[in-house]
Amino acid sequence: MEPAIRAEGVHKAFSSVVAVDGLDLRVERGEIFGFLGPNGAGKTTTLRMIADLLRPDRGVLRVLGSSPHDARPRVGYLPEERGLYRDLGVMECLVYFAQLRGVSRWVAARRAGALLERLGLADRARAPVRELSRGLQQKAQIAATLMHEPELVIFDEPFQGLDPVNVEVVRRLIQDLAGEGRTVVVCAHEMSLVESLCGRLAMIYRGRIVLTGELTAIRAQFSPDAFDVLPAPVAEHWPEVGSVEAIPGGSRLFLRTGASSSDLLRRLAASGMSVTEVSRVRLPLESIFLRVVGS
Ligand code: ATP
């Protein structure tokens with residue numbers, strides 16, 4: 001089976017502005033994939049091409065094994081900008097959008113009811129969209145994205161305007177979507193959320209993918225060969241340790257070149273020191289992002 005998304009050498013320019021410049025991307029079916037990059041990197045342009053709202057100038061773009069146009073009925077796209085009808089009631093609006101996608105009114109009403117319940121919006125079902133706060137409108141828009149039960153869901157900034165409780169509601173919803181076998185692409189600036197959701201990711205910078213792969217492998221690749229040890233052992237002269245840095249309540253021990261982590265752990269055990277915590281240092285995604293595209 002072809003992957004959910006396959007892009008090879010995709011290019012898109014707006015007159016003289018090159019937004020996407022030879023982009024290669026592969027998103028497997030059923031995964032939650034993070035799509036990251038600084039402002040203006042080309043994320044939204046890429047997502048809009050996948051959702052068949054823009055056409056690439058050149059390159060290969062396949063979505064769910066078809067052209068983006070043919071795949072469109074099976075794709076849900078949450079755009080960055082809001083697009084609900086402000087004067088319609090929330091439920092009415094969701095049903096209307098689903099009917100545009102060919103869902104019967106009866107099925108749409110049932111799905112809308114379930115989604116509004118799931119998103120904690122059931123008590124606002126009859127309220128006109130314009131009366132909802134920004135965060136609640138965001139949740140209604142997420143519901144609208146899912147009304148036709150898409151196989152591939154593309155979320156451009158799904159967490160914007162949400163309080164921490166609602167962030168968690170949406171985070172769980174995304175996990176459930178993947179649990180149902182759907183593919184989810186999440187484009188978000190909240191690195192810790194991406195980290196908690198995505199198994200694989202890609203970083204785009206100036207229209208090109210500059211980093212892609214498994215999150216755990218990326219974190220291992222960028223992290224120093226070091227362990228945090230609490231409380232601080234007296235390790236300055238151990239042959240396995242190249243340098244020591246103080247951290248709150250303990251020390252960060254950087255391995256000397258050629259020393260292995262098991263050498264260090266054996267040394268720690270043999271030292272007889274009472275150690276309460278040992279953890280391998282893993283850079284947060286935010287630090288990796290800053291290192292890769294921050295400059
Ligand atoms: P952000 O995180 O700020 O939303 P982004 O990564 O989504 O950024 P894009 O919106 O894809 O970035 O924009 C990439 C580049 O293409 C930018 O230089 C932007 O100004 C330009 N661009 C995007 N859409 C258009 C358009 N319709 N007309 C002209 N230029 C555009």
Side-chain angles (χ1 to χ4, degrees), residues 4-27 32-63 67-69 71-72 75-84 134-135 137-139 141-142 144-145 150 152-162 167 170-171 174 183-198 200-213 215 218 284-295:
I5 300 169
R6 179 165 66 87
E8 283 164 17
V10 169
H11 189 278
K12 179 73 192 174
F14 300 99
S15 53
S16 64
V17 179
V18 178
V20 172
D21 185 14
L23 176 122
D24 295 327
L25 190 67
R26 192 182 168 99
V27 177
I32 306 177
F33 189 88
F35 193 47
L36 313 177
N39 294 131
K43 301 181 296 295
T44 298
T45 305
T46 302
L47 300 182
R48 288 172 66 84
M49 286 190 282
I50 295 165
D52 192 40
L53 299 171
L54 283 174
R55 195 160 291 171
D57 297 332
R58 57 177 187 269
V60 175
L61 182 57
R62 303 279 296 169
V63 179
S67 68
H69 179 75
R72 195 169 174 164
V75 176
Y77 174 57
L78 174 80
E80 233 182 334
E81 65 283 356
R82 300 293 136 257
L84 299 176
R134 188 163 151 244
Q137 284 191 30
Q138 171 77 351
K139 289 202 295 180
Q141 183 95 41
I142 289 171
T145 307
L152 167 64
V153 191
I154 301 166
F155 285 127
D156 198 352
E157 298 293 345
F159 304 108
Q160 66 177 348
L162 298 183
V167 162
V170 172
R171 206 180 68 82
I174 291 174
T183 309
V184 188
V185 176
V186 181
C187 176
H189 290 295
E190 298 85 354
M191 298 287 145
S192 58
L193 286 169
V194 171
E195 216 159 4
S196 74
L197 275 170
C198 303
R200 291 196 323 121
L201 58 86
M203 282 190 198
I204 181 172
Y205 183 51
R206 294 184 173 162
R208 282 174 173 268
I209 299 298
V210 289
L211 185 67
T212 187
L215 175 61
I218 289 173
L285 190 53
E286 185 156 348
S287 306
I288 297 170
F289 181 88
L290 287 172
R291 199 178 287 181
V292 174
V293 299
S295 56

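Both counts, for ligands and for their atoms, begin at 1 and track the order of listing.
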Can you list the ligand 1 atoms lying under 4.0 Å from a non-hydrogen atom of K43? 1 (P), 2 (O), 5 (P), 6 (O), 7 (O), 8 (O), 11 (O), 12 (O)

What residue and heavy atom of the protein are closest to atom 9 (P) of ligand 1, and at what distance? T45 OG1, 3.6 Å

Among all the protein's non-hydrogen atoms, which is closest to atom 8 (O) of ligand 1, and how far away is it? G40 N, 2.7 Å

Write out the residue and atom name of the closest protein heavy atom to atom 10 (O) of ligand 1, then the distance separating them to 0.1 Å. T44 CB, 3.7 Å

Is it the side chain, the backbone, both or neither of C187 that has a heavy atom closer than 4.0 Å to ligand 1? neither

Sub-4.0 Å protein heavy atom next to atom 12 (O) of ligand 1: yes

Whether the side chain of Q141 engages the backbone of G83 through a donor-acceptor N/O pair (distance < 3.5 Å, no angle test) should be reported. yes

Taking distance alone, with N or O pairs closer than 3.5 Å, would you say V17 contacts ligand 1? no

Atom 24 (N) of ligand 1 - nearest protein heavy atom and its distance: F14 CE1, 3.4 Å

What are the atoms of ligand 1, with element, lying closer than 4.0 Å to any heavy atom of A41? 5 (P), 6 (O), 12 (O)

To the closest 0.5 Å, what do you measure between SG (C198) and CD1 (I174)? 8.0 Å

Could you list which atoms of ligand 1 come closer than 4.0 Å to a heavy atom of E80? 4 (O)

Output yes when a protein non-hydrogen atom is found under 4.0 Å of atom 19 (C) of ligand 1, and no otherwise. no

What is the distance from atom CD1 of I288 to atom CG of L201, rounded to the nearest 0.5 Å? 8.5 Å

So how far is it from I209 CD1 to D21 CG, rounded to the nearest 0.5 Å? 11.5 Å

Quick check for you: to the nearest 0.5 Å, what is the distance between D156 atom CG and T145 atom OG1? 10.5 Å

What are the atoms of ligand 1, with element, lying closer than 4.0 Å to any heavy atom of N39? 1 (P), 2 (O), 3 (O), 8 (O)

Is it the case that over 12 heavy atoms from other parts of the model lie below 6.0 angstrom from the CD atom of E157? yes

Mark yes when over 12 heavy atoms from residues, nucleotides or ligands other than R171 sit less than 6.0 Å from its CZ; otherwise mark no. yes

Can you name the atoms of ligand 1, numbered from 1 with element, that are less than 4.0 Å from a heavy atom of P38? 6 (O)

Check if S15 has a non-hydrogen atom at a distance under 4.0 Å from any atom of ligand 1. no

Nearest heavy-atom contact between A202 and T212 is CB-OG1, 3.7 Å

Structural part of E157 in contact with ligand 1, heavy atom criterion under 4.0 angstrom: neither

Rounded at 0.5 Å granularity, tell me how far CZ in F159 sits from CG in L197. 5.0 Å

Any N/O pair G42/ligand 1 closer than 3.5 Å: yes

Is there at least one pair of N or O atoms, one from A19 and one from ligand 1, spaced under 3.5 Å apart? no

Using non-hydrogen atoms of the residue, decide whether H189 is closer than 4.0 angstrom to ligand 1. yes

Got a second to check how far E286's CD is from H189's NE2, nearest 0.5 Å? 12.0 Å

Qualifying residue, where the test is side-chain contact (heavy atoms from CB on, under 4.5 Å) with R72 and the options are I50, V63, L53: L53

